[in-house]
Structure formats: structure tokens, C-alpha cells
Protein chains: 4
Amino acid sequence: MPRQENTHEKILDTALNLLAQNGYKGTSIKDITDQVGLTKAAFYAHFKNKSQLLGTLIEAYETGYIDKLIQRVDEQTGNAIDKLHRLISFSSGVGLQYQKSAILFYSLSEDLKAGEDIEPIRLRCSRKLEAFLVDLFDQGKSQGLVRKDIDSTMLVHLTISFSRGMFKQAVDNASRIDGMEYVRTFRKVFFQGIKAE
Amino acid sequence: MPRQENTHEKILDTALNLLAQNGYKGTSIKDITDQVGLTKAAFYAHFKNKSQLLGTLIEAYETGYIDKLIQRVDEQTGNAIDKLHRLISFSSGVGLQYQKSAILFYSLSEDLKAGEDIEPIRLRCSRKLEAFLVDLFDQGKSQGLVRKDIDSTMLVHLTISFSRGMFKQAVDNASRIDGMEYVRTFRKVFFQGIKAE
Amino acid sequence: MPRQENTHEKILDTALNLLAQNGYKGTSIKDITDQVGLTKAAFYAHFKNKSQLLGTLIEAYETGYIDKLIQRVDEQTGNAIDKLHRLISFSSGVGLQYQKSAILFYSLSEDLKAGEDIEPIRLRCSRKLEAFLVDLFDQGKSQGLVRKDIDSTMLVHLTISFSRGMFKQAVDNASRIDGMEYVRTFRKVFFQGIKAE
Amino acid sequence: MPRQENTHEKILDTALNLLAQNGYKGTSIKDITDQVGLTKAAFYAHFKNKSQLLGTLIEAYETGYIDKLIQRVDEQTGNAIDKLHRLISFSSGVGLQYQKSAILFYSLSEDLKAGEDIEPIRLRCSRKLEAFLVDLFDQGKSQGLVRKDIDSTMLVHLTISFSRGMFKQAVDNASRIDGMEYVRTFRKVFFQGIKAE
DNA sequence: GATGAATGAGTGTTCATTCAT
DNA sequence: TATGAATGAACACTCATTCAT
């Protein structure tokens, strides 16, 4: 993901790394500019404030990952299970580039107070993905591929729960866990778990 | 969980609430003592520092929840699946009292920098639970109840991923999600997902 | 006006001097605490913020000067002109202690943006004094002592205009102007200017 | 006062408005250039620094208003009282264009620290006007039109006090006070107040 | 145990100013 | 003339922590 052409991008890159690692409250403007090689003041020539920096990063996640995910999964044919498989493939493929963005995104609600004006963006992203998934599970049910005794909405929360946990877990245990093996395990358990008899 | 007998306990109670809600960095000593009705200085008559307060809370989680969970699940008879069911029941039963502790616990790695000296405690807890679960899944496999094509360690990470995600999700969507229904959904998907053919 | 008993008062005293001299924007917390011999942080143990400090000073001006002025002028007998004379005497007597407060008060509207939440207090003080003066001039008219061809409200604005100008002028030319002589001049011109034929 | 021909003038116009409204400390270069539609850097192609901008504006007030005032009042015949009336007429006529300049001028001493190198210009203006007025009052006395029991210098300070207060008052109460009515009131009180028996 | 008063280090943010282009 | 990018110094304010009482 080398896009370090100009200062603006350098700040975004550095910030994403630090924010994903230390959280919003745990990352100071100075931390970021020190690493980029700037003074704190220079930061404010590029971003209105710390909150706007976060907003920019989340919106990049939205357009660069979430929107693309939905688009790619939908543009090809296949049944709901095929689509879910593609979704997981996309997540663990293209998604890798956005791993840090995802971690940042999922940490937002914890650092809640930090980005009060970020909340709308966060909600928009959440709702977008949730709606898409509910639809997918409903399709799966009407195609007779997904068991009907579980509520689609609950299934979505389950899926997202897992997804957010996975990212955290991956970071915390980065050295001990093989990511690909992890995704394979998830696939097996999840698809057997939801499939209709 | 009313243990407000003395100031010490009052501080712990209040701190747990605030820390679970706003994170370590997002909670100041003043926030805590204000709510308890003390001055900041009084805090230091009870705890060496902020970090020690966190340590105390995590250790309470360890002995009050993790240790008890392991003990209860093991003390009764039954096969691995029975035990896993008991584990989930315990989590969503007794565990409710410790919901805030769990949220705090799972948020630790995000607030990493906050409690550098907390890391040993956190690791001990993680390893303890992981070892117990690996054992459980291995038992399940040798009892022919759990599919053998998935690595036990990965399965543990999957389980914990879900668990941590669940707590966060539960908090973020507290108003929108019915906790019990959620656990039921998890049970269905999870047990069908891991059971041997 | 030596009330330097404790830190709180010391801050107020020092702040009043600096604020009257350099204005709200021109006076930093550090300026104040440096002169008192404290760190910036100590300031915040005594005042919520800079704005509250200003508020405290203005309210001290209100109760210590304005309210007392009105009370003293009214409590004694005499006609409107007697009262106006007493008012001027009070201003240039007791008022001397409050000279800096008055300067600060009159500078508020210039530093408008500084104390957005100060505006209510400022307005209350203004209105209080204005109402009192309008009344006084009206009395003067009905007693046949003040010329009736001038609007009382305008006369009040004129009086206050002069008053605020006087304070500023007194500061700017402190070394060149004899305050008492100045007040005498004002008395002569003003009373001859407003008296009925 | 539309002189927006070139950027230089545009900056001066905008700056005058903002400075009169928010004071020297309350007006940033960015405030000015934003409103003009320039970058901050561009400002420095036109003015050496913020202080020089202020100097330019004050000097414009000097030549455009003070000098002209003195000239107009003197060039016509009439006694001292006639001249004082002309002075007031000029102030409230031509002076209207320079109202903002006057406000800025009178606010200088408050924002003292702002323009250390402005002080000479400010003093020159003050002295110029004071000298002119002292002369006028002295003429008035020798013409038997102005009472002799008051010191001319004090009378000047009184006049200027009023004048500066009037500008501030006019701004603070812009919506509540009728300017012309105000000037009429001043005329009545002032001329009766100073006239010889 | 608890308080009031204080501190040093830090946070996010603004501002006047510079300079290569 | 104008810009984009940068800086150093300042600012208001917060926080964990200390200490005498």
C-alpha cells in the first residue's frame, strides 16, 4: 500500500498505523507528526483537527472496502452461499490491505467519546453492511440453502461479532496465528453451522 | 453486585462501570472519585496508581469469573459437548454479573499502552482460558463428537473471537439486540458447525 | 485593597491588574500564574476556566461597586441633583478601588468574543445602572431641576459614554492628568449642561 | 467607501471592518485573507506584518479624517463656538465614513501590547487633535464665549473622553440608539455646559 | 482515610511568519 | 503577486501523581 507520495498521504498512512495500534485516545498528533517528520502545526495545514483525520480514514474504509465488497459480491452470479463465500474471500484477500482500517473501525465504539462527530459515519457503515448481510441470509433461506430456524438479523450480528473479534484476535496474536488457516476454520464451522438440513 | 460497604469497594465498582464504558484512557481518576464523592487525592490512599486499580479489577475477573467458569464446567460429569453447553450457560448466566469486567478485559489490548504492567495478568487469563478450551475440543474430538478436520487451537480462537465480539456488539447495540435470543442463535450455529458427521 | 491572604484572592487580584491593562485576549493564564508564582495547572484548581475567572471579577464589580453605588445614592435624602452629585462622589471615591474593575468592565464589549458566556452578566450590570440613571433624570425633571428638552435615555447614554471614556482616558494619560481636577471639570460642565433654566 | 480596485485596498477594507469589530488580538491574518479570498502568505506580499497593516490604517485615519477635520474647521471664519459646532457636524457627517477607523483608533490603547510600534502614530494623532482643541477652547475663552473657570486641557480630555465613549456606546447599542438624536443631545448639554454666563 | 493545593508533562489547537516555487 | 507547506512559540486546558496537614 505504498502511497507515500505527498505529506497528506504520509500523515494518513502513519495515522492509520498508530490509531489501529494505540486507539484514538492513545495516539497524539505529536505521535503522528513525529513519525512523519513534521511539527504538530504542520498537521493542521492538512486536517482541520484530529477528529477530521479519523473521519477521513473511516470514509476511506467505507469507499475503499465496504462499498467495494458489496459491489463485488453482488455483481457476479451465484446463490447466497456462493456470495457468502465470495464475501469471505474478498474480506481475507482485498481486505488484508484494509486490516488496519477495520481494526480502527471496530475500535471506534470503544473510543466512543473521542469522535462524537464520527458517530454518523460509523453508523452509516454499520447499517450498510448489516442491511446487505440480512438480505443475503434471507436469499439463502428462500433458496433453501440456509436453515430457517434462525433469525437473519441475529445471524448478521453473529457474523459481524465474529468478524470484529477476528480482527482483534489477529492483531493480539499476530505472531501465533496463521491468518489463512484461521479463515479456513471459520469457513468450515460457519457454513456447516448455517446450512439447511 | 452490591458490595458498596466501604470506600475501597465503592471505588472499584464505580471504576469498573466507567472503565467498561469509556475505556482506560477515557476514564480519569477524577471521573471516578467525582462519582464516588471523594477527592482525587483520596484515591491514592486506596490504590498505588491507576494501573493498580485496573490490575485489581482484572484479577477480580480472573478469580471471580474465569477460574469459577473452569471449575464449574469441569466439576460436573458429561461429555465435551455437554461441557461446552454448560460453559455457554455459565457465560450467559453468572457471566452477566461480569459483563462489564469482560468488556473491560477484552478492551485491554486496544488500550495496550495504558496498562503496560497489566499485560502479564491479561496474558495469564487468556492462556488459562485458551488451554482449558483446547483441552475441551480435544476431548470432544476423541469422543467422536467434534469434527476432526479442524484444528483445536483455531477453534479456540474462533470461540474467543466470537465471545469478545459478542460483548462489544451487545454493548453497542444494547437497545436493539435481545441477549438471550442472541445466545440461542450462537448455540445453534456453533454446535451444528463443529459437530462430527 | 490588600486581600492577598490566600492563593485564590491572589489570583483574582493579579488577574484584575493584568486584565485591566492588557485585555482578556492579551492576558494569558501563564501571565497571571507567573506573577502569582504558580504553575498554570494550579490556576485550574481555583477556577474552572479563564472565562469563569472573568465572570468572578465582573460579579465582584457588580456587587462591590454597582449595587453599592445604587444603594448609597438612594438611601440618603435629597433631590435628583443631590443624588447625582453623590453618585459622582461615590464613583470618584469608593470607585477608585474599583477603577481597574471598571476598565475591565468597559473593555468587555471590545473583547466580546472572549467571554461569550460573560455577556449575560455584562448586560445585567449595564441594564441595572441604566435603569437607575433614567429614573434619576426623570426625577430631576419632575422636580424642575433638569431641563426637559432632552431625552432621559439619551442623557443616560451620554453619562455612561463619558464615564467609560473617562476611565480609559484616565489610564492612557495616567501620568498627565490629575484625576480629582478632572472630576471637578466634569461636575461643572455636566451640571450646568443639564440644569433647567 | 468602495475602493476595492486592487488586492491591497481590498485587504485594507476587510481588515478595517474586522479589526474594528473584533480588535487587534481578535483578528487573525487568516480571518482577513479568508474574507478577501487569498492565502495567508499572500498577505505578506502587501504588508510587512500585522503591525504594519494596523499602522497603515491608522495613518489613513490621520490624513483622511483628523487632518481634514482640523483643516475644514479652521478654513472657515466664525468664532470658537461656531468652530466647535462645525467640528461636531464634521464628526457626525464626514466622520461616519471613518466610524470604524475611529473605533479602531480608540481601541488601540486597550490592545496596547498588540502594536508596540504603533504607539508613536497613535500619540501623534492624539496630540494633534488635543493641541487643536486646547487652542479652540482658549480662543473661546478670550472671545468671552467659554466659561473661564475650567482648565482648557481638562476640557479637551472631557471632550475626547466623551467622543471615544460615544463611538463604543454607538457600537454596543447600535440597534437601540439613534445616532443623530444622540449627537443633538450632546450638543445641547455640552454647549450649555461650557458657555460663559 | 481524606483533603486542599500544587506540579510537570502532555493534549489539541492557533497564530504570525517564512520560503521555495 | 500569489501559493502550499512548513515552523516555533504560544495558548487554554487536562491528567496522574505528590505531599503536608
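Just so we're on the same page: letters track the sequence lines, and every chain starts at 1. Only this structure's heavy atoms are used, side chains among them; waters, hydrogens and symmetry mates stay out.
- Atom pair A:Phe47:CZ and F:dA5:P shows a separation of 12 Å (rounding to whole Å applied).
- D:Ile32 approaches D:Ala15 most closely through the heavy-atom pair CD1-CB, 3.9 Å.
- To the nearest 0.5 Å, atom CG of residue B:Leu16 and atom CG of residue B:Leu54 are 10.0 Å apart.
- Within a 6.0 Å radius of NZ in B:Lys50, other residues, nucleotides and ligands contribute more than 12 heavy atoms.
- Protein atom CG of B:Asp34 is 14 Å distant from nucleotide atom C1' of E:dT3, rounded to whole Å.
- Between the P atom of F:dA16 and the CD1 atom of B:Ile11 lies a distance of 14 Å, rounded to the nearest Å.
- Protein atom CD of B:Glu9 is 12 Å distant from nucleotide atom P of E:dG1, rounded to whole Å.
- Remark: C:Glu119 does not engage C:Arg124 in a salt bridge, criterion side-chain N to carboxylate O under 4.0 Å.
- Between the CG atom in C:Leu53 and the OH atom in C:Tyr44 there is a gap of 9.5 Å [rounded to 0.5 Å].
- Ranked by how close their nearest DNA chain F nucleotide is to the 5' end, D:His8 and C:Thr27 are led by D:His8.
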Report task. Take B:Thr14 and B:Asn17, measure what side-chain hydrogen bond (donor to acceptor under 3.5 Å, both in side chains) needs, and give me the verdict at the end. Result -> CA-CA 5 Å; B:Thr14 310; B:Asn17 278 326; over 6 Å; no

Polar-atom pairs under 3.5 Å, protein N or O versus N or O of nucleotides 17-21 of chain F: list them with distances, or write none.
from   : atom 1 : to      : atom 2 : distance (Å)
F:dT17 : OP2    : B:Tyr44 : OH     : 3.1
F:dT17 : OP2    : B:Lys50 : N      : 3.0
F:dT17 : O4     : B:Lys40 : NZ     : 3.4

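- Annotation: of the two residues near DNA chain E, A:Lys30 and B:Ala42, the 5′-most nearest-nucleotide partner is B:Ala42.
- Checking the phosphate oxygens (OP1, OP2) of F:dT1, no side-chain nitrogen or oxygen of D:Thr7 falls inside 4.0 Å.
- The CD1-P distance, from C:Ile32 to F:dC11, rounds to 11 Å in whole Å.
- Taking the charged nitrogens against the carboxylate oxygens, D:Glu62 and D:Arg122 have no contact shorter than 4.0 Å, which rules out a salt bridge.
- Looking at B:Thr27, its side chain does come within 3.5 Å of a backbone N or O of B:Leu18 through a donor-acceptor pair.
- Checking E:dT3, E:dA6, F:dT3 against the side-chain heavy atoms of D:Thr39 singles out F:dT3 as nearest.
- Atom pair A:His46:NE2 and F:dT7:C1' shows a separation of 12 Å (rounding to whole Å applied).
- Side-chain nitrogen and oxygen atoms of A:Ser28 include at least one within less than 4.0 Å of the OP1 or OP2 phosphate oxygen of E:dT11.
- Following rounding to the nearest Å, D:Leu38 (CG) and F:dG4 (C1') show an atom-to-atom distance of 14 Å.
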Report task. Dot-bracket for DNA chain F, please, read 5' to 3', with Watson-Crick or G-U wobble pairs under 3.5 Å on both distances, ( ) within the strand, [ ] crossing, | other strand, . unpaired. Result -> .||||||||||||||||||||

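- To the nearest 0.5 Å, the span separating CZ on C:Phe105 from CD1 on C:Ile121 amounts to 10.5 Å.
- As a whole-Å value, the separation of A:Lys25 NZ from F:dT14 P is 14 Å.
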